[in-house]
Amino acid sequence: MGKVLKYSFYDLIRSRWSYIYFFFYLALGFVLLFLNNDLSKAVITLMNIIIVLVPLIGTIFGTMYYYNSKEFTELLLAQPIKRSHIFLGQYFGVAGSLSLSLALGLGIPFAAYGLLKSNAIFDFALLLVVGIFLTLIFTALAFNIAIHNENKIKGFGYAVLLWLFMAVIYDGIFLLSLIIFEEYPLDTFSMIATALNPIDLSRTLILLKLDISALLGYTGAVFKKFFGTQIGFWASMLVLVLWNAIPIFLLKYKSSRKDF
Amino acid sequence: MERNTFFPVVLLFLIFGNAIAGIVEVCPSCTINSIKKGVAVAKEYDTVLVKKGTYYEYNIYVDKPLTLKGHNYPIIDGQKKGEIIKITSDHVTIDGLFIINVGVSYTTDFAAIRVTKSENFTIQNVVLEKLFFGIYLEKSSHGKVYHNKIIGEAKDEYNSGNGIQLWYSHYVDVSHNHVQGTRDGIYLEFSDNITITKNTSTKNLRYGLHFMFSDNDVYTQNTFEENGAGVAVMFSRNIDMINNTFKKNWGTSAYGLLLKEINDAEIQNNTFSENTVAISIEGSNRITYQDNDFIKNGWAIRVIGACYTNLFTGNNFMHNSFDVSYNSKLNDNEFRSNYWSNYTGYDLDKDGIGDVPYRPVKLFSYIANKTPETIILLRSLFMDIIDFSEKVSPVFTPDNLKDAQPLMKKRL
């Protein structure tokens with residue numbers, strides 16, 4: 001697996017798209033900090049961008065890479081290599097290079113603006129952890145979609161739909177159900193609904209760490225009571241890990257049975 | 001001619017007046033070594049001069065017109081046993097004392113300085129620390145509380161007192177005081193015609209300034225910073241709030257200014273910055289909000305209900321998460337000629353007034369008001385999208401709640 005991973009990874013970090021992705025975050029980080037020298041305010045703005053953009057790039061890039069390297073994959077399949085090694089190697093190659101672009105692209109400007117001496121370092125670290133998790137999760141989901149669909153157009157369609165559902169539609173349904181059932185106690189429901197969507201979970205985790213959480217009022221206090229504690233934090237990390245592990249497992253399962 | 005005779009008479013009176021008002025000196029090594037003795041010995045209109053030192057005294061009753069003046073800030077230590085100075089006479093001046101360790105009680109409101117049923121009092125240059133209640137005026141009018149420093153260490157609301165409290169006291173001038181770490185910085189109950197100027201009230205547990213059933217009061221040029229909530233004005237009429245600063249009153253249930261059942265007030269030229277809710281309004285009518293700055297607040301204005309005929313004009317709303325939150329479809333309040341940093345309209349005729357009206361109520365703030373749980377979707381992409389669509393064609397928010405003449409540039 002190591003060899004496939006290494007090959008995919010090096011192939012990707014030499015590719016144009018990785019650089020564009022990297023420079024995008026680099027420029028974003030510098031511009032944000034240049035316009036507003038406040039690290040913690042920049043974290044909020046970045047969060048807004050990361051929770052939307054990272055899943056989108058993860059899904060699109062994941063499916064694209066899978067379809068583009070299909071011939072090479074078929075070549076590898078003819079070799080005496082375990083199937084799971086081929087696919088997981090490719091997956092970690094893609095997810096790893098995307099995460100690296102994200103971490104370096106944001107890390108460099110923040111470090112240059114004195115992050116290490118600032119109190120915002122924990123918020124920023126959380127932001128990066130969440131960003132990397134989102135990359136891993138959505139790339140894994142994208143690989144699953146791609147492996148199930150031979151038709152590229154269909155695959156891309158599903159991938160975009162997945163992103164749209166997680167980033168927008170889910171919140172719409174969530175909101176509607178909150179309004180419809182407003183007569184009932186909704187704290188537990190909204191907490192579970194938040195935890196079930198990795199994008200919502202990431203957003204909430206970061207918001208609760210920032211000053212802006214005061215705007216959340218009573219609901220925020222209930223959330224903070226759970227997510228603010230050690231148990232809550234590790235529980236939400238566990239949810240993120242599960243969101244990651246299940247698609248990887250499915251990918252492995254499907255890849256070992258698929259007829260190429 | 002008349003003028004020429006008047007002056008010498010005044011001069012004579014001044015000299016004569018000084019001659020009869022004696023000075024009683026108190027110091028730890030004098031024969032009069034306690035303030036109580038000093039007050040007992042002094043005649044009416046005398047000055048009791050307290051020299052530097054520490055005096056372990058409490059329950060000092062000032063029952064005749066006196067000036068109690070400290071020299072180099074003598075310390076009066078109440079040893080947490082009870083009230084320290086109680087004034088029951090008119091024309092008393094307290095000046096330049098350092099009072100610490102007021103007794104804490106759950107049944108009696110012990111104060112560092114209490115003025116009871118007296119007139120024409122002055123309390124100035126006093127420093128209070130480790131207190132329960134600070135300066136407590138009850139049924140005392142026509143006085144002055146000037147340039148005092150009150151520093152408490154309040155931790156819980158139930159066992160802490162207020163910095164300066166006025167109860168049934170009228171025509172009092174409270175100015176240049178610094179109050180911090182008490183329950184309510186300045187508290188007014190049934191007190192009319194009070195002027196509160198240039199005070200600083202910070203880090204108080206509950207409110208920086210609190211009005212209850214008090215009418216015709218004015219507060220200007222004060223600063224309220226990092227309090228549980230800045231100022232609460234409740235059940236009062238004709239209050240003028242001018243040139244004050246409300247800053248960093250931040251927390252889940254914090255606000256800069258709370259108005260509850262307030263009628264006919266003027267709120268002008270104030271600055272509200274970084275408060276969770278800058279102004280929370282409930283049941284308040286006929287109020288003019290003019291030329292205020294709302295900067296970086298969570299909510300700039302939050303209307304909870306039953307507010308009619310209010311006018312918002314000439315205000316700057318800049319970079320607030322929500323400009324206005326409103327919970328009903330009915331609107332009888334007017335927004336006119338304000339500057340909104342979120343305004344995206346244009347000004348073709350270049351007259352400085354935007355050509356399209358601005359709608360300050362976002363759909364999200366409307367929804368969050370109806371179903372508070374939905375606030376958890378703050379900053380989600382979905383919310384931004386529906387906010388945008390509501391902005392383009394309002395369906396849920398009150399149709400007439402708009403600023404028809406939004407300013408293109410902020411008021412300087």
Side-chain angles (χ1 to χ4, degrees), chain A residues 36 38 41 44-45 47-49 51-53 55-56 163-191 193-194 197 199-204 206-208 210-224 227, chain B residues 226-230 247-256 273-278 280 295-300 302 304 318-323 325 327 341 362-390 395-396:
Chain A
N36 171 9
D38 187 342
K41 294 264 161 58
I44 299 183
T45 315
M47 180 206 77
N48 272 337
I49 296 168
I51 57 165
V52 173
L53 204 64
L56 181 65
W163 172 79
L164 200 65
F165 179 78
M166 287 302 205
V168 183
I169 299 169
Y170 185 89
D171 286 350
I173 297 169
F174 185 11
L175 177 74
L176 272 182
S177 44
L178 284 179
I179 293 174
I180 291 168
F181 298 109
E182 68 178 328
E183 306 287 314
Y184 299 87
L186 290 168
D187 298 336
T188 324
F189 167 74
S190 54
M191 234 173 327
T194 306
N197 182 343
I199 296 183
D200 276 348
L201 182 61
S202 313
R203 184 171 48 80
T204 315
I206 297 171
L207 274 188
L208 288 176
L210 302 172
D211 271 356
I212 197 167
S213 63
L215 295 191
L216 302 179
Y218 166 73
T219 318
V222 172
F223 269 67
K224 211 164 194 167
F227 289 108
Chain B
E226 292 181 65
N227 297 297
K247 221 161 53 177
K248 292 186 184 154
N249 298 299
W250 190 265
T252 42
S253 61
Y255 34 75
S273 67
E274 294 173 70
N275 304 291
T276 317
V277 181
S280 175
I295 304 163
K296 289 187 189 165
N297 300 290
W299 283 267
R302 189 176 199 176
I304 294 172
M318 293 189 290
H319 318 293
N320 303 298
S321 293
F322 302 104
D323 286 328
S325 128
N327 69 347
S341 64
K362 283 187 192 171
L363 179 58
F364 184 27
S365 81
Y366 176 78
I367 292 172
N369 232 331
K370 293 200 98 166
T371 321
E373 282 85 359
T374 55
I375 193 80
I376 205 67
L377 292 168
L378 180 74
R379 303 226 163 214
S380 95
L381 182 61
F382 179 74
M383 277 325 204
D384 294 344
I385 293 172
I386 62 164
D387 269 348
F388 179 75
S389 64
E390 176 77 8
V395 181
F396 297 99

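Bear in mind that the values here come from a model prediction, so they are computed numbers and not experimental data. Residue numbers begin at 1 in each chain, while the letters A, B, ... track the order of the sequences. FYI, side chains are in, hydrogens and waters are out, and symmetry mates aren't considered; it's all heavy atoms of this structure.
- To the nearest 0.5 Å, atom CZ of residue A/F174 and atom CD of residue B/E373 are 9.5 Å apart.
- Contact count against chain B (heavy-atom pairs under 4.5 Å) is highest for A/L175 among A/L175, A/I44, A/L207.
- Under the side-chain hydrogen bond (donor to acceptor under 3.5 Å, both in side chains) criterion, B/N275 pairs with B/N249, B/N297, sequence neighbours left out.
- Of the listed residues B/T276, B/D384, B/V277, the one with more heavy-atom pairs under 4.5 angstrom with chain A than any other is B/T276.
- Heavy atoms closer than 4.5 Å to chain B are found in the side chain of A/V52, but not in its backbone.
- None of B/I376, B/L377, B/L381, B/T374 except one satisfies the side-chain contact (heavy atoms from CB on, under 4.5 Å) rule with A/D171; the exception is B/L377.
- Other residues, nucleotides and ligands contribute only 12 or fewer heavy atoms inside 6.0 Å of the NZ atom of B/K296.
- Between A/R203 and B/R379, the shortest heavy-atom contact is CD-O, 3.4 Å.
- No part of A/I199 comes within reach of chain B, as not one of its non-hydrogen atoms sits under 4.5 angstrom from that chain.
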Could you pull out every donor-acceptor pair under 3.5 Å between side chains of residues 183-190 of chain A and any protein atom, sequence neighbours left out?
| unit_1 | atom_1 | unit_2 | atom_2 | d |
| --- | --- | --- | --- | --- |
| A/D187 | OD2 | A/Y218 | OH | 3.2 |
| A/S190 | OG | A/L186 | O | 2.9 |
| A/S190 | OG | A/D187 | O | 3.1 |

